[in-house]
Amino acid sequence: MTALIETQTLTRILPATVPVTLIEDVTLSIGEREFVAITGPSGSGKSSLLYLLGLLDRPTGGLLKLRGEDTAQLNERQRAELRLATLGFVFQFHFLLPEFTVRENVEIPMRKLGRLDARAMRERSTQLLEALGLAGHLDKLPDQLSGGQRQRVAVARALANDPPLVLADEPTGSLDSQNSEQVFAILDALVRERGKTVVAVTHDEAMAARASRRIHLVDGRIAAGSGG
Ligand SMILES: Nc1ncnc2c1ncn2[C@@H]1O[C@H](COP(=O)(O)OP(=O)(O)O)[C@@H](O)[C@H]1O
Ligand SMILES: [Mg+2]
C-alpha cells in the first residue's frame with residue numbers, strides 16, 4: 001500500500017555564509033491510521049521537519065512523497081492544492097485570524113480549495129465545530145474564547161477539507177493540563193474513530209507514550225532506535 005508520507009534522506013540546509021543544517025538524512029514512512037509523536041530536545045529540528053512534511057518549506061535534498069506523489073515535481077499551485085486537500089496544520093499558537101468569526105476561520109481553507117458551495121461550507125463548519133464542543137460559539141471572534149476553545153477551533157480548521165493527515169506542532173504546548181488532555185483526546189479520536197493519521201510534535205512525555213509510534217530527533221537526524 002502507498003504510504004501517506006514517505007521520505008528518503010530528506011535534508012534541509014539553510015544557505016548562509018556558514019550553512020545551517022535543520023534536517024539531515026531523514027528517511028521515514030508513515031501510513032494511514034497512525035498516531036506518530038515527534039520528540040527531541042529543543043532545537044533538534046522537530047518544527048523544521050513538520051514544516052517540510054506539511055509543504056510549508058522545501059527540502060534542499062532527498063525525496064518527499066505525499067500520497068505517493070513526488071512533491072518536487074509540483075508547481076506552486078499544485079503544492080497549495082495538495083496541502084489544502086491532504087493535510088491540516090495545528091500550531092502551538094492557534095493563529096486564527098482575529099477579525100474573522102470562529103465559523104469564518106474554519107471556512108477559509110474550504111474557500112481556498114473551492115470544492116464546496118456556500119451552503120455546504122456552512123453545514124460542514126457547523127458540524128465540525130459542534131463535534132468539537134463549540135456549538136454556542138460559531139459567531140464569536142477568537143478573542144472571545146478561552147485558550148482551549150481556540151485550539152479546538154484550530155483543530156476544526158485543520159479538518160476543514162477532511163484531509164487524511166493532521167500535522168500538529170506542540171498543539172498542547174500553550175494549554176493547561178486539562179485542556180491539553182482534551183486536545184490530545186480529540187487527536188487520538190481522529191485516528192481511532194475517523195481513520196486519520198496524526199503526526200504531532202510534543203514535549204509531553206505522557207502524550208508521546210500514548211502515540212502508536214515515536215520518532216526521536218537529535219541534531220536534525222532520526223535518533224538510532226526510534227522508528228522512522
Ligand atoms: N530560519 C532560521 N534561521 C536560522 N536558524 C534556524 C532557523 N530556523 C530554525 N533554525 C535553527 O534550526 C534548529 C532547529 O529548529 P526547530 O526545527 O525550530 O527545532 P525544534 O522545533 O525541535 O525546537 C534550531 O537550532 C534553530 O535555532
Ligand atoms: Mg519547534
Does the separation of the ring centres of Phe89 and Tyr51 fall below 6.0 angstrom? yes
Pair Asp162 + Lys196, salt bridge at N-O below 4.0 Å: yes
At what distance, to the nearest 0.5 angstrom, does CG of Leu52 lie from CG of Leu167? 11.0 Å
Side chain proximity check, Leu159 to Val166, heavy atoms < 4.5 angstrom: yes
Does Arg150 reach the main-chain N or O of Pro142 with its side chain, forming a donor-acceptor pair under 3.5 Å? yes
With a 4.5 Å heavy-atom cut-off, do Asp25 and Arg221 have their side chains touching? yes
Which atom names give the shortest non-hydrogen contact between Val106 and Met110, and what distance separates them? O-CE, 3.7 Å
May I ask you to decide if Lys65's main-chain N or O and Thr71's side chain share a donor-acceptor pair within less than 3.5 Å? no
Taking atom types as modelled and ignoring hydrogens, do the side chains of Gln8 and Glu6 form a donor-acceptor contact shorter than 3.5 angstrom? yes
Could you tell me whether Arg58 and Glu76 have a side-chain N and a carboxylate O separated by less than 4.0 Å? yes
Atom CD1 in Ile38, atom OG1 in Thr202: separation rounded to 0.5 Å? 11.0 Å
Establish, from distance only, whether the side-chain atoms of Arg103 and Ser125 form a donor-acceptor pair under 3.5 Å. yes
State, with a plain yes or no, whether a side-chain heavy atom of Pro59 is found less than 4.5 Å away from one of Thr11. no
Min side-chain heavy-atom separation Ile186-Leu132 under 4.5 Å: yes
Pair Glu181 + Arg210: basic N to acidic O under 4.0 Å: yes
Treating Ile, Leu, Val, Met, Phe, Trp and Tyr as nodes and any side-chain heavy-atom pair under 4.5 angstrom as an edge, say whether Phe91 and Leu87 lie in one connected cluster. yes
State, with a plain yes or no, whether a side-chain heavy atom of Val191 is found less than 4.5 Å away from one of Glu34. no
With heavy-atom distances below 4.5 Å as the criterion, would you say the side chains of Thr39 and Leu217 are in contact? no
Greater than 12 external heavy atoms within 6.0 Å of Glu99's CD: yes
According to a hydrophobic-cluster definition based on side-chain heavy atoms being under 4.5 Å apart (Ile, Leu, Val, Met, Phe, Trp, Tyr only), do Phe95 and Val183 belong together? no
Looking only at heavy atoms, which two atoms of Ile23 and Leu10 are closest? And how far apart? CG2-O, 3.4 Å
Val153 and side chain to side chain contact (heavy atoms under 4.5 Å, CB included): which single residue from Leu128, Val102, Thr101 fits? Val102
Could you check whether atom CG of Asp219 has more than 12 heavy atoms from other residues, nucleotides or ligands sitting under 6.0 Å from it? no
More than 12 heavy atoms of other residues, nucleotides or ligands under 6.0 Å from CD of Gln127: yes or no? no
Step-by-step side-chain hydrogen bond (donor to acceptor under 3.5 Å, both in side chains) determination, Asp169 to Ser47: CA-CA 6 Å; Asp169 192 358; Ser47 296; 2.7 Å; yes
Answer yes or no: is there a side-chain heavy-atom contact under 4.5 Å between Leu55 and Leu64? yes
Determine whether more than 12 heavy atoms belonging to other residues, nucleotides or ligands lie under 6.0 Å from atom CZ of Arg213. yes
Does the distance from a Lys or Arg side-chain N to an Asp or Glu carboxylate O, for Arg115 and Glu81, drop under 4.0 Å? yes
Shortest non-hydrogen separation from Pro109 to Arg157 and the atoms involved: CG-CG, 3.6 Å
